[in-house]
There are 2 protein chains.
Amino acid sequence: MLVNWRIIGSMTTMNHKPDYEKELRDAGVRITRPRRVILDILTATEDHPDAMEIFRRAVSVDSSISLSTVYRTMKLLEERGTIHRHAFNGGPSRFEQASGAHHDHLIDIETGDVIEFRSDRIEKLQEEIARSLGYDIVHHRLELYGRKRQAK
Amino acid sequence: MLVNWRIIGSMTTMNHKPDYEKELRDAGVRITRPRRVILDILTATEDHPDAMEIFRRAVSVDSSISLSTVYRTMKLLEERGTIHRHAFNGGPSRFEQASGAHHDHLIDIETGDVIEFRSDRIEKLQEEIARSLGYDIVHHRLELYGRKRQAK
DNA sequence: CAAAATTTTGCAAATGCTTGTCAACTGGCG
DNA sequence: CGCCAGTTGACAAGCATTTGCAAAATTTTG
Ligand SMILES: [Mn+2]
Ligand SMILES: [Mn+2]
Ligand SMILES: [Zn+2]
Ligand SMILES: [Zn+2]
């Protein structure tokens with residue numbers, strides 16, 4: 001029996017690959033070499049890298065890219081809703097494409113692994129709670145921190 | 001009709017006031033003047049102040065207290081499980097006593113107000129999800145960000 | 001109760017991540 | 001191909017938080 005919240009593979013890369021370059025250009029944003037490199041990294045990525053990690057990957061493609069540009073680009077993309085910013089644990093910001101279906105995260109506190117999941121029931125309950133408190137949810141954050149259950 | 005997750009007042013201050021001084025002393029932690037002041041502020045507090053705000057309140061009681069000591073004390077208390085640390089939005093850490101019942105937070109993105117709530121159904125669902133993914137939850141974070149619904 | 005042993009403090013300097021400044025550069029239209 | 005506002009790289013600055021250290025406070029001993 002398949003549980004409805006189990007996710008096979010990455011939710012973000014399963015969907016059709018969006019054409020960020022076109023989207024951005026249409027919005028009047030210039031497609032520069034650094035931005036193209038960063039966008040490519042983001043679309044190819046299955047994990048949730050932080051700025052430094054994106055910078056490392058970018059440098060391996062074009063060694064002239066600067067960390068500042070990575071930060072600036074992440075901010076730009078976040079403001080445009082292209083990517084999501086997470087702050088697991090309280091560590092540095094980590095990013096992922098926003099194109100996939102909404103999902104939340106389970107972080108393995110032993111290994112740091114991040115597992116994506118989605119529960120429509122929780123999403124619904126959140127709405128109900130907010131509503132009952134007189135609010136509309138704009139966004140939310142649900143993170144579970146746990147460790148692998150020991151087979152005993 | 002009372003909704004089961006509505007909370008009247010602060011969850012943290014509704015419960016019996018724990019004797020932190022004794023607890024700490026028994027654990028071999030020295031109970032100093034700065035620590036006493038900070039503990040008093042924490043137990044009296046209804047909100048979720050950050051280190052700077054706790055510092056301000058502390059200084060108004062004992063002007064010789066330093067911000068370093070506030071940070072050091074917060075870290076100590078967090079490690080001991082006496083307080084919880086939050087990072088709403090990605091802003092500076094904000095703290096609250098851990099003594100009350102577990103609850104999550106709804107943040108008003110317009111005013112910054114923090115509303116506490118608890119949903120046993122969501123708590124239960126989280127457990128089920130983690131379990132189905134092969135994990136035991138150690139802790140979790142659920143934050144709803146919203147704005148007051150307009151009466152139209 | 002005083003001295004020794006140990007922890008904690010205040011201050012300043014250091015850290016880690018992120019943003020700001022600015023001269024040099026370049027993407028995209030004409 | 002040339003123009004020029006938008007963008008970049010280099011590096012300084014900002015912000016929250018942590019750390020080194022000598023002095024001060026607390027607890028332990030005698
Ligand atoms: Mn994700
Ligand atoms: Mn709270
Ligand atoms: Zn969600
Ligand atoms: Zn909860």
Side-chain angles (χ1 to χ4, degrees), chain A residues 19-41 48-80 82-95, chain B residues 20-41 48-80 82-95 112:
Chain A
D19 185 349
Y20 289 130
E21 300 200 9
K22 182 175 186 326
E23 274 178 35
L24 290 172
R25 207 190 307 270
D26 290 354
V29 176
R30 282 189 190 171
I31 300 305
T32 62
R33 180 150 167 61
R35 284 180 179 160
R36 208 190 313 271
V37 170
I38 292 170
L39 250 359
D40 284 351
I41 290 168
H48 302 78
D50 62 19
M52 184 53 72
E53 176 58 25
I54 292 170
F55 172 63
R56 282 191 213 98
R57 298 181 193 178
V59 161
S60 81
V61 174
D62 175 347
S63 64
S64 72
I65 289 174
S66 77
L67 182 56
S68 296
T69 297
V70 172
Y71 276 109
R72 273 190 295 241
T73 304
M74 300 326 281
K75 183 187 273 215
L76 171 77
L77 296 178
E78 185 192 13
E79 281 164 357
R80 288 194 34 75
T82 306
I83 60 174
H84 289 313
R85 175 191 300 262
H86 302 292
F88 303 138
N89 278 311
S93 293
R94 297 171 60 170
F95 308 91
Chain B
Y20 290 130
E21 299 201 9
K22 184 177 184 323
E23 273 177 36
L24 290 173
R25 208 189 305 271
D26 289 354
V29 176
R30 286 186 184 176
I31 171 74
T32 62
R33 180 149 167 61
R35 283 180 178 159
R36 209 189 316 267
V37 171
I38 291 169
L39 251 359
D40 285 351
I41 288 168
H48 303 78
D50 61 19
M52 184 53 73
E53 176 59 25
I54 293 170
F55 173 63
R56 281 192 213 96
R57 298 181 193 178
V59 161
S60 80
V61 174
D62 175 347
S63 63
S64 73
I65 289 174
S66 78
L67 182 56
S68 299
T69 297
V70 172
Y71 276 110
R72 274 190 288 240
T73 304
M74 299 327 280
K75 183 187 275 216
L76 171 78
L77 296 179
E78 185 192 12
E79 282 164 356
R80 290 192 36 73
T82 306
I83 61 175
H84 289 313
R85 175 191 300 261
H86 302 292
F88 302 139
N89 278 311
S93 293
R94 298 172 60 171
F95 308 90

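Here is how names work: the chains are called A, B, and so on, in the same order as the sequence lines, proteins then strands, and each is numbered from 1. Scope of the values below: all heavy atoms of this structure, side chains included, with no hydrogens, waters or symmetry mates.
For the pair A:Arg80 CZ and D:dG6 C1', the interatomic distance rounds to 15 Å; values are reported in whole Å. In this structure, the CG atom of A:Asn89 is 15 Å from the P atom of D:dT17, given to the nearest Å. Atom CZ in B:Phe95 sits roughly 6 Å away from atom P in D:dT17 (whole-Å rounding). The separation between A:Ile54 atom CD1 and C:dC17 atom C1' is 14 Å, rounded to whole Å. Whole-Å rounding puts the B:Arg94 CZ to D:dT17 P distance at 12 Å. Distance A:Phe55 CZ to C:dT18 C1': 14 Å, rounded to the nearest Å. Nucleotide C:dT18 holds its C1' atom 8 Å from the NZ atom of A:Lys75, rounded to whole Å. Taking atom CD1 on B:Ile65 and atom C1' on D:dA24, their separation rounds to 15 Å, with Å as the unit.
Within 4.0 Å of B:Arg35, counting heavy atoms only, lie sugar-phosphate atoms of the nucleic acid but no base atom.
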Please produce a list of atom pairs where a protein N or O lies less than 3.5 Å from an N or O of nucleotides 25-29 of chain C.
residue, atom, partner, partner atom, Å
C:dG27, O3', A:Ile31, O, 3.4
C:dG27, N2, A:Arg30, NH2, 3.1
C:dG28, OP1, A:Arg25, NH1, 2.9
C:dG28, OP1, A:Ile31, N, 3.1
C:dG28, OP2, A:Arg25, NH1, 3.4

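Between atom CG of residue A:Asp62 and atom OG1 of residue A:Thr69 there is a gap of 10.0 Å, rounded to the nearest 0.5 Å. Between the CZ atom in A:Arg35 and the CD atom in A:Glu21 there is a gap of 11.5 Å [rounded to 0.5 Å]. From A:Asn89, atom CG reaches atom CZ of B:Arg85 across 11.0 Å, with rounding to the nearest 0.5 Å. In this structure, CG on B:Leu76 lies 10.0 Å from CD1 on B:Ile38, to the nearest 0.5 angstrom. Atom CD1 in A:Ile41 sits 12.0 Å away from atom CZ in A:Arg56 (nearest 0.5 Å).
For A:Tyr71, taking side-chain heavy atoms from C-beta onward, the closest of the listed nucleotides D:dT8, C:dT18, D:dT19 is C:dT18. When distances are taken from the side chain of B:Ala51 to each of D:dT18, C:dG10, D:dT17, the shortest belongs to D:dT17. Distances from the side chain of A:Thr69 to the nucleotides D:dT8, C:dC17, D:dA16 place D:dT8 closest.
Side chain of A:Arg94 to main chain of A:His48: a donor-acceptor pair is present (N/O by atom type, distance under 3.5 Å, no hydrogens or angles).
Look at B:Ser68 and you won't find any side-chain N or O under 4.0 angstrom from OP1 or OP2 of D:dT17.
Ring-plane geometry between A:His86 and A:Phe88 is classed as parallel, the angle between the planes falling under 30 degrees on a 0 to 90 degree scale with a further cut at 60.
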